[in-house]
There are 2 protein chains.
Amino acid sequence: MVSTEENFANLLRNHHLKVTNARLEVLAVIAGYGAAVSQPVLEKLIGTGIDRVTLYRILNTFEEKGILHKVIDLNGTANYAMCSTACTEHQHHDEHIHFNCTNCHKVYCMHSYILPNVDAPEGFNIQSLNLSVNGICKNCNNE
Amino acid sequence: MVSTEENFANLLRNHHLKVTNARLEVLAVIAGYGAAVSQPVLEKLIGTGIDRVTLYRILNTFEEKGILHKVIDLNGTANYAMCSTACTEHQHHDEHIHFNCTNCHKVYCMHSYILPNVDAPEGFNIQSLNLSVNGICKNCNNE
DNA sequence: TTAAGTGCAAAATCTTTGCAAATGT
DNA sequence: ACATTTGCAAAGATTTTGCACTTAA
């Protein structure tokens, strides 16, 4: 079995990105977090190792390349989560439900739920759907 | 028939807020806009009559009191729309679909669509749902 | 009269940009 | 070697706070 770090390196290579320490660390933290993460939280988790500007640029690059998808939470803050392998530079497939915990503000991707169909009114064209559920997550309920 | 301005004044009184020019103007602009409005757009529509800080404070107060509801759009920007009469200081009822135009960035409240039921996974409690639809609005399709 | 609301200045965030130095391939 | 990536400094954008002045009730 290949190490996790090697998997991340391959992920970067597959998207024609250079393998740098900063990028590997961002991937490791996000993949290990278990929920979508915001830039401020990421910054705390990572510590002083990576400059804030670099972090912003890494997140933007990863989103453009289809490595991460961006989820806007209840407060309008951007949160990032690993994309499914179906995401590419040209098309994001982010059609699942996001659960926003109103207590700890974690954002969970609920891959097992399927979005409903919605018919657009006359004159409107639908490109994508985004269903957010707000409530209390399992962690917070057990405290 | 009572004038619109008098209706707005009553709306403010009903929520125990003083009737001021700034508040009446904000209500008039938002009610006349036909979609949810962001603070920057509101500021342009209103012009120099109201200080930016006052505008922020009015929007916050209106949201707290249940006069406006806040809709976060695709970019994480807060947009404000008139609440239905079912909204109070203690409980917002904002359970309708929001249509985000990816071209003009207007946010439409689709009151005629009903949200689907979602069952929460074990341990999670759902408080509210938020379904955003992204696409091209009628206005932009006709240009 | 007096509590609530407003305007201005200034601070606190959050995010982006420009450029020189460092790094991966 | 060379294009990419990074760090730092600085600018831009957005939102909040403090305080004195004004206004609605």
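Computed from heavy atoms alone, side chains included, the values below leave out hydrogens, waters and symmetry copies. Everything numeric in this text was worked out from a predicted model, so none of it was measured.
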Toward the 5' end of DNA chain D, by each residue's nearest nucleotide, B/Thr77 or A/Thr61: A/Thr61

Under-4.0 Å side-chain N/O to phosphate OP1/OP2 contact, B/Tyr56 with D/dT16: no

Phosphate OP1/OP2 of C/dG5 contacted by B/Asn21 side-chain N/O (<4.0 Å): no

Donor-acceptor pair under 3.5 Å, A/Arg13 side chain vs C/dG24 base: no

Donor/acceptor link under 3.5 angstrom from A/Arg23 side chain onto base of C/dG24: no

Ring geometry between A/Phe99 and B/Phe124 (parallel below 30°, tilted from 30 to 60°, perpendicular above 60°): perpendicular

Lys NZ or Arg CZ of A/Lys106 over A/Tyr33 ring: under 6.0 Å, within 45°: yes

Sugar-phosphate, base or nothing in reach of A/Gly76, heavy atoms under 4.0 Å: nothing

Rounded distance (nearest 0.5 Å) linking atom NZ of B/Lys65 with atom CG of B/Leu17: 5.5 Å

Residue met sooner reading DNA chain C from 5', once B/Thr20 and B/Val53 are mapped to nucleotides: B/Thr20

A/Arg23 and A/Ile67, any side-chain heavy atoms less than 4.5 Å apart: no

Atom pair distance, as rounded to whole Å: CD in A/Glu25 and C1' in D/dG7: 15 Å

